[in-house]
Amino acid sequence: MSKINILPDLLINKIAAGEVIERPASVVRELIDNSIDAGAIDINVQILHGGKKLIRVSDNGNGMSRDDASMCFERHATSKITSEDDLFDISTLGFRGEALPAIASVSKVTLTTSTSKDGVGVKVEIGADQKREISDAPPAKGTDIEIRDIFYNTPARRKFLKTNPTELSHIIGTVVNKAFAYPEIAFSLVHNENEVLKASQAKDLKERFSQLYGEEMAEEFLEINKDSKAIKVRGFVSSPDYTRVSRSHQTIFVNNRPVKNTTINHAVCNAYREVLSKGRYPAYFVFLDVDPAMVDVNVHPAKREVIFERPDDIHRFVGAAAYEALNPGVEIDVSRPSPSKGSGYSGTSGYTPKDQGTPVVSESAPLAFNDSQTDIFSSGIAPDISTFFYIGDSFIAKVSDDGLVLIDQHAAHERILYEKFLKKIEIESAPLFLPLRIELPVKEYQLIIKNKDILQGFGIDIDDFGSNNVIIRALPKELGKADMKGLIMDISAGILEEETSGIKSDRTDEAFLKSIAARLACHKSVRGSEPLNNSELSQMMYDLDQTEEPDKCPHGRPTRVAISINDLYKMFKRK
Ligand code: ADP
Ligand code: MG
């Protein structure tokens with residue numbers, strides 16, 4: 001008996017679905033792509049239960065004939081390429097003819113389509129038995145496709161879906177990205193009968209930006225626009241005052257497809273290197289248009305990554321575009337390659353800070369601490385009366401007869417606040433004199449509303465205010481004048497990250513709460529680096545001592561470093 005078997009088509013499609021269709025949002029992406037490829041200018045997405053129950057996309061595109069409607073569920077059935085040559089010049093979003101058969105293999109499908117307003121339309125139904133039923137339908141130009149019970153026949157995959165709000169937020173992300181890339185197309189998204197997003201046809205990218213992210217956010221961004229024969233860059237980069245503590249809102253589109261790409265990311269971040277402090281990230285939306293022949297989109301089945309033929313050119317061009325946006329009036333000539341040391345860019349390597357500085361004490365110096373030396377950190381039961389000196393505006397030296405302690409004020413403060421938030425002790429929530437209304441991008445808005453009890457647990461009294469607005473009525477005193485909008489955006493990014501990455505999506509999970517507490521602590525302490533007086537400093541040292549891990553900030557950086565008198569003797573070769 002032969003051991004090698006040819007797999008049946010259904011199984012092949014299910015395997016393909018594993019690559020293309022990860023979650024409801026992938027179905028939404030593929031269906032919207034098809035609508036765009038069909039020339040639609042109005043695309044409506046309707047979702048039930050985070051897409052687990054229903055995903056429905058209807059468009060006013062070209063529709064399909066009876067034959068095509070039946071054919072489109074066959075493997076490798078596509079109207080978009082016919083020969084190998086076409087592969088190198090792809091101008092549509094789809095071309096593999098893989099999406100519909102993959103989707104149909106893991107869900108129940110109803111497709112209704114018509115090429116014109118007259119005549120007859122056609123309806124194709126694929127149920128649990130995978131049989132295709134074809135019947136007449138009323139004519140209405142365009143296509144309407146319903147996907148029900150995704151992964152109903154692959155329980156292992158269904159189990160890995162996250163909560164409805166998390167799946168919804170992936171769907172929102174997908175629709176927002178598509179809508180951003182195609183301002184000339186009207187989009188709407190309805191979840192469980194509630195309209196989540198509506199963007200009418202926009203006159204340009206800027207108007208679409210405001211529609212999707214709110215006018216308030218759009219105002220914080222600078223437009224980028226640079227053109228050459230081969231490359232065109234458009235989009236928005238955040239002004240240097242509007243930065244994030246995480247990499248949320250860094251979106252790259254290559255030929256209108258959202259992708260991850262280190263070349264472009266590095267080029268944009270590099271443009272900020274002189275204006276951004278450590279641990280802060282810019283936000284950006286960059287649209288790169290290049291000749292399809294210069295970019296390979298075939299490297300990832302879900303088309304999430306691309307490879308450029310000439311990454312250095314792309315890097316130089318995008319970097320120049322971002323730099324020009326940040327420095328109005330400057331124009332960079334990109335026709336000549338810059339000297340290689342210029343940007344510190346070396347292919348796939350990460351960002352290299354321009355100047356890392358020379359450590360004052362080399363690593364080989366006798367600075368290895370032993371446990372007894374940590375005594376000199378401790379300031380006893382009561383706040384002590386050591387002398388403190390500021391070194392620049394971030395570091396503090398605490399001098400006593402036992403030696404010297406160097407403290408990173410920001411990191412120390414972060415550790416203290418972090419534990420306060422985490423243990424929810426002494427978090428006193430103070431009502432705001434004027435409640436603060438904040439307009440959020442739709443995805444963040446949905447996540448925050450669904451998780452507002454978590455924020456309430458941390459002393460942030462927040463409520464739904466309708467139309468993508470939230471209202472904050474009370475805040476923990478510790479947060480003071482934090483940039484609330486930035487904070488809320490970072491927290492929602494954190495919620496999404498935690499819910500997505502963890503196998504468990506339990507919102508009371510300790511790791512989850514820790515990550516939110518770290519974001520809260522970080523936000524306040526970033527802004528809170530005003531110099532403190534001597535008694536405030538000794539209070540801070542005391543508070544730091546009381547924490548569980550006084551030597552590290554929540555991100556793992558050191559908060560304090562000790563040099564005992566013994567170390568000093570050794571350093572000066574007196575022992
Ligand atoms: P691909 O997009 O890679 O060609 P798909 O499986 O996504 O493969 O779709 C198969 C074919 O079905 C497409 O090539 C197109 O001809 C047709 N099709 C799919 N969706 C639509 C739609 N919304 N409107 C018109 N035609 C469609
Ligand atoms: Mg397609």
Side-chain angles (χ1 to χ4, degrees), residues 9-10 12-22 24-46 55-84 86-107 109-117 119 121-126 130 132 134 137 139-147 150 174-175 177-178 181-182 185-188 255-258 292 297-298 300-304:
D9 265 0
L10 179 61
I12 296 175
N13 286 339
K14 275 193 186 173
I15 294 169
E19 289 177 352
V20 189
I21 308 301
E22 277 172 299
S26 343
V27 172
V28 173
R29 180 196 62 221
E30 292 297 331
L31 297 183
I32 292 180
D33 278 0
N34 283 348
S35 297
I36 294 172
D37 285 345
I41 52 163
D42 195 353
I43 300 175
N44 299 294
V45 183
Q46 192 193 334
I55 299 162
R56 176 178 181 188
V57 174
S58 38
D59 69 47
N60 63 350
N62 297 328
M64 280 178 265
S65 67
R66 200 177 183 93
D67 285 350
D68 283 353
S70 145
M71 263 281 275
C72 69
F73 294 101
E74 298 291 340
R75 235 173 114 65
H76 305 305
T78 179
S79 56
K80 297 166 194 173
I81 58 172
T82 48
S83 70
E84 188 177 339
D86 295 346
L87 253 191
F88 301 97
D89 191 15
I90 289 161
S91 59
T92 51
L93 292 165
F95 59 86
R96 294 155 171 263
E98 239 171 23
L100 291 184
I103 293 169
S105 73
V106 292
S107 63
V109 180
T110 308
L111 168 82
T112 316
T113 185
S114 176
T115 52
S116 74
K117 280 207 200 77
V122 56
K123 183 167 168 182
V124 181
E125 283 173 284
I126 303 175
Q130 291 289 319
R132 241 175 275 168
I134 301 177
K141 189 171 179 238
T143 301
D144 180 313
I145 182 161
E146 293 179 12
I147 308 301
I150 184 171
T174 301
V175 178
N177 279 345
K178 288 292 165 198
Y182 294 89
I185 300 178
F187 282 88
S188 73
N255 293 348
N256 278 345
R257 227 196 281 274
V297 296
N298 229 342
H300 191 284
K303 305 158 195 143
R304 262 197 308 260

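One-based numbering, in listed order, for ligands and for the atoms of each. As a basis for the values below, the full set of heavy atoms in this structure was taken, side chains included, without hydrogen atoms, waters or symmetry mates.
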Closest heavy-atom pair and its distance - [X], [Y]:
X	Y	value
Ile185	Ile36	CD1-CG1, 3.9 Å
Ser114	Ala140	CB-O, 3.5 Å
Tyr182	Phe187	O-CE1, 4.0 Å

Hey, does [Y] have a side-chain heavy atom less than 4.5 Å from the side chain of [X]?
X	Y	answer
Ile145	Asn34	no
Thr110	Arg56	no
Val109	Val124	no

**OP:** Apply salt bridge (Lys or Arg N to Asp or Glu O under 4.0 Å) to the pair Arg132 and Glu74, showing each step before the final yes or no.
**Re:** CA-CA 11 Å; Arg132 241 175 275 168; Glu74 298 291 340; 3.0 Å; yes

What part of [X], side chain, backbone, both or neither, has a heavy atom within less than 4.0 angstrom of ligand 1?
X	value
Thr78	both
Ala99	both
Val57	neither

Subject >> For Ala38, atoms of ligand 1 separated by under 4.0 Å from a heavy atom >> reply: 24 (N), 25 (C)

**OP:** Drop me the distance from Asp33's CG to Asn256's CG, to the nearest 0.5 angstrom.
**Re:** 10.5 Å

Ligand 1 contacted by [X] (non-hydrogen, < 4.0 Å):
X	value
Asp59	yes
Met64	yes
Pro101	yes
Gly97	yes

**OP:** Give the single entry among Thr143, Ile145, Ile103 that approaches atom 24 (N) of ligand 1 most closely by any heavy atom.
**Re:** Thr143

Original post:
Below 2.8 Å, any N, O or S contact between Thr78 and the Mg ion (ligand 2)?
Top reply: no

Original post:
With only distance considered, is Gly63 within less than 3.5 Å of ligand 1 through an N or O on each side?
Top reply: no

